[in-house]
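Just so you know, these numbers use all the heavy atoms, side chains as well, and skip hydrogens, waters and symmetry mates. Here is how names work: the chains are called A, B, and so on, in the same order as the sequence lines, proteins then strands, and each is numbered from 1.
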Amino acid sequence: MPAPNYTQHLPPGAKVAVAMSGGVDSSTAAALLVEQGYDVFGIMLRLWSEPGREHANRCCTPDAMALAKRIAAQLDIPFYAIDAKDVFHDKVVQYFLDGYTQGVTPNPCLVCNRHIRWEFLLNRALTLGADYMATGHYAQTIRIPGEPVKLLQGIDPKKDQSYVLGALDQAQLQHAIFPVGGYTKPEIRTMAEKFQLPAARIKDSQDLCFLAGTDYPSFLGRHAPQTADPGPIVTTGGEQLGEHQGLAFYTIGQRKGLGIAHSEPLYVLAKQADSNTLVVGTADELGQSALTAGNANWVSGRPESAPFQAMVKIRYTAGLVPGLVTPLDDEHFAVQFDQPVRDITPGQAAVAYHGSEVILSGIIQKAQGKQPQPYQAIRLVK
RNA sequence: UGGGGCGUGGUGCAACGGCAGCACACCGGACUUUGAAUUCGUUGAUCCUGGUUCGAAUCCAGGCGCCCCGG
């Protein structure tokens with residue numbers, strides 16, 4: 001069994017709040033911390049749900065809440081439920097709706113981690129006397145006294161979640177513990193069995209919790225009906241192939257759902273908000289070589305000023321690709337990739353790594369290079 | 001109202017007279033704490049009526065529909 005890295009330089013017996021969800025990872029995290037002798041308590045968010053659909057919210061159904069409470073009781077730790085409905089709606093759901101309304105593809109999980117879990121919830125945990133807060137994220141930290149806390153990828157490359165934590169700052173990381181990040185998912189499941197946690201066999205969570213079991217287009221339809229604005233689907237040559245139902249329902253690189261029969265698969269190359277046009281093309285037209293990002297977060301708290309080579313991830317489930325990162329100003333940076341990269345999508349995060357260490361995170365504002373030629377959208381169909 | 005061409009799943013195309021196949025789309029599953037991607041799989045068709053033939057998407061006749069030329 002690998003050494004539990006997360007205990008590095010943690011005071012023995014420290015008081016640790018565990019953000020619980022009722023799932024395997026956070027439950028095992030809590031059990032591990034209890035086993036390590038920390039003074040543990042459980043804490044869980046009550047998040048916003050669509051009125052009338054509360055039972056379908058995957059993050060915090062009454063069932064999940066009851067399960068987490070039961071696990072806490074089994075571990076013999078206190079458990080607190082924290083209401084975060086309003087702040088979650090204001091920060092996350094609104095961000096989600098605004099992003100799609102503006103024509104980008106937002107990642108609400110990033111915002112939730114930054115503003116809900118690691119701000120709102122962390123503050124509650126500290127108020128409740130905690131020294132640290134733990135979550136079930138597959139990520140790792142390194143604490144060396146006198147140095148910034150480092151954020152590392154989880155050991156399990158298939159489960160690594162450091163990408164969604166790249167927006168955390170030092171004030172947050174100082175208090176962060178990721179007990180499961182030093183283990184693989186199978187190891188965690190095995191431990192959950194060993195601890196006899198009822199969550200051991202529960203399927204991993206997925207999809208956006210607040211969508212209430214529906215798909216996001218129908219959620220947009222209910223909460224941002226103005227996004228249902230049909231317009232032309234055209235090729236880079238300007239030929240119209242069909243009609244889209246609203247740019248918000250598509251994202252860069254998307255293949256399914258275009259409804260266009262063609263001799264080969266077509267993918268979304270670009271969304272042109274000004275002309276309400278969806279630009280599509282073949283697989284070999286995908287791929288761009290550079291991006292610029294905003295909302296820069298230097299994890300160490302110490303921004304670089306010179307360009308540097310790094311491995312960069314442009315969406316949650318993507319490989320690391322090499323590129324040159326160039327800081328532009330306090331808020332912005334650019335990345336020039338060594339090779340063209342598919343599906344660089346405004347609204348998603350670009351996260352730069354040195355080895356397994358997260359250096360820098362930002363929100364992609366635009367992709368550049370090998371961009372489809374600008375053209376005038378022309379209606380050619382009858 | 002002369003000539004020529006074409007009618008096959010939702011779309012675009014294949015099939016020497018011999019089990020109607022492919023691509024795209026659609027639908028479903030897997031994967032995934034975002035949207036996607038990827039992957040596995042299921043549906044689904046010979047314009048109509050006759051004729052020739054052991055056997056017709058294929059050959060013949062007629063009908064219906066569409067396209068091009070008739071500068």
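Among the atoms of the strands shown, only primed sugar atoms or phosphate atoms (P, OP1, OP2) are found under 4.0 Å from some heavy atom of A:G257. Residue A:Y100 is in sugar-phosphate contact alone, with no base atom involved, counting any heavy-atom pair closer than 4.0 Å across all strands shown. Contacts of A:Y267 with the nucleic acid, taken as non-hydrogen atoms under 4.0 Å apart, involve only primed sugar atoms and P, OP1 or OP2.
Under the rule for a side chain to side chain donor-acceptor pair (under 3.5 Å), A:H175 has no partner lying at least two apart in sequence or in another chain. By the side chain to side chain donor-acceptor pair (under 3.5 Å) test, A:H137 is found to be paired with A:N113, A:T135, residues two or more places apart in sequence or in another chain being considered. Applying the side chain to side chain donor-acceptor pair (under 3.5 Å) rule to A:S361 yields no partners; only residues at least two apart in sequence or on another chain are considered. When the ring pair (Phe, Tyr, Trp, His ring centres under 6.0 Å) test is applied to A:F96, the partners found at least two apart in sequence or on another chain are A:Y100, A:F210, A:F219.
Interface residues of residues 104-112 of chain A facing RNA chain B, ordered by number: A:T105, A:P106, A:N107, A:C109; criterion, heavy-atom separation under 4.0 Å.
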List the atom pairs, donor and acceptor, that lie under 3.5 Å between side-chain atoms in residues 81-89 of chain A and the rest of the protein, sequence neighbours left out.
unit_1 : atom_1 : unit_2 : atom_2 : d
A:D83  : OD1    : A:K85  : N      : 3.2
A:D83  : OD2    : A:K85  : NZ     : 3.0

Side chains of residues 118-125 of chain A: which donor-acceptor pairs under 3.5 Å do they make with residues two or more places apart or in other chains?
unit_1 : atom_1 : unit_2 : atom_2 : d
A:E119 : OE1    : A:H115 : ND1    : 3.1
A:N123 : ND2    : A:E119 : O      : 3.1

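Atom P of B:C66 sits at a distance of 26 Å from the matching atom of B:A15, rounded to the whole Å. Here, B:C27 and B:U32 have their P atoms 23 Å apart, quoted to the whole Å. Of the C1' atoms belonging to B:U11 and B:G44, the separation is 13 Å, rounded to the nearest Å. One P atom belongs to B:A57, the other to B:A20, and the distance between them is 8 Å to the nearest Å. Taking atom P in both B:U46 and B:G7, the straight-line distance is 15 Å, to the nearest Å. Taking atom P on both B:C40 and B:C24, the two are 12 Å apart, rounded to the nearest angstrom. Here the separation of B:A45 from B:C54, taken at their C1' atoms, is 26 Å to the nearest Å. When the C1' atom is compared between B:U1 and B:C68, the two are found 16 Å apart, to the nearest whole Å.
For the pair A:D156 CG and B:C31 C1', the interatomic distance rounds to 14 Å; values are reported in whole Å. Whole-Å rounding puts the A:L47 CG to B:U33 P distance at 18 Å. For the pair A:I252 CD1 and B:U38 C1', the interatomic distance rounds to 18 Å; values are reported in whole Å. Atom NZ of A:K158 and atom P of B:C31 are 12 Å apart (whole Å). Between the CG atom of A:D215 and the C1' atom of B:C27 there is a distance of 14 Å, given to the nearest Å. The separation between A:D25 atom CG and B:U32 atom C1' is 13 Å, rounded to whole Å. At whole-Å resolution of the value, CD in A:Q254 and P in B:U38 are 11 Å apart. Put simply, CG on A:L278 is 13 Å from P on B:A36, counting in whole angstrom units.
Two rings, from A:F41 and A:Y80, have their centers less than 6.0 Å apart.
Base pairing of B:G17 is not made with any nucleotide, judged by Watson-Crick or G-U wobble geometry with both donor-acceptor distances under 3.5 Å. Across all strands shown, B:C69 is found opposite B:G2 as a Watson-Crick or G-U wobble partner, with both distances under 3.5 Å. For B:G50, the paired base is B:C60 (Watson-Crick or G-U wobble, both distances below 3.5 Å). Within the shown strands, B:G12 is the pairing partner of B:C22 under the Watson-Crick or G-U definition, both distances less than 3.5 Å. Under the Watson-Crick or G-U wobble criterion, with both distances below 3.5 Å, B:C31 is left unpaired in every strand shown.
Under the ring pair (Phe, Tyr, Trp, His ring centres under 6.0 Å) criterion, the residue pairs touching residues 340-362 of chain A are A:F308-A:H354, with sequence neighbours excluded.
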Show the distances under 3.5 angstrom between N or O atoms of the protein and N or O atoms of nucleotides 21-24 of chain B.
unit_1 : atom_1 : unit_2 : atom_2 : d
B:A23  : O2'    : A:S263 : O      : 2.6
B:C24  : OP1    : A:R255 : NH2    : 3.3
B:C24  : O4'    : A:H262 : O      : 2.9
B:C24  : O2'    : A:I260 : O      : 2.9
B:C24  : O2'    : A:H262 : N      : 2.7
B:C24  : O2'    : A:H262 : O      : 3.4

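Among the nucleotides B:U33, B:G35, B:A37, the one closest to any side-chain atom of A:R315 is B:G35.
Within the 4.0 Å cut-off from OP1 or OP2 of B:U33, at least one side-chain nitrogen or oxygen of A:K159 is found. At the phosphate of B:U33, OP1 or OP2 sits under 4.0 Å from a side-chain N or O atom of A:Y316.
Separating the CD atom in A:Q336 from the CD atom in A:Q309 is a distance of 10.0 Å, to the nearest 0.5 Å.
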Could you check A:D215 against A:S218 for side chain to side chain donor-acceptor pair (under 3.5 Å), going step by step and ending with a plain yes or no? CA-CA 6 Å; A:D215 51 42; A:S218 72; 3.2 Å; yes
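Side-chain atoms of A:T105 and A:Q348 include no donor-acceptor pair closer than 3.5 Å.
Between A:G253 and A:L258, the one whose closest nucleotide on RNA chain B sits nearer the 5' end is A:L258.
Salt-bridge annotation for A:K185 and A:D25: present, with a side-chain N of the basic residue lying under 4.0 Å from a carboxylate O of the acidic one.
Between the side chain of A:T317 and the base of B:A36 there is at least one donor-acceptor pair of N/O atoms closer than 3.5 Å.
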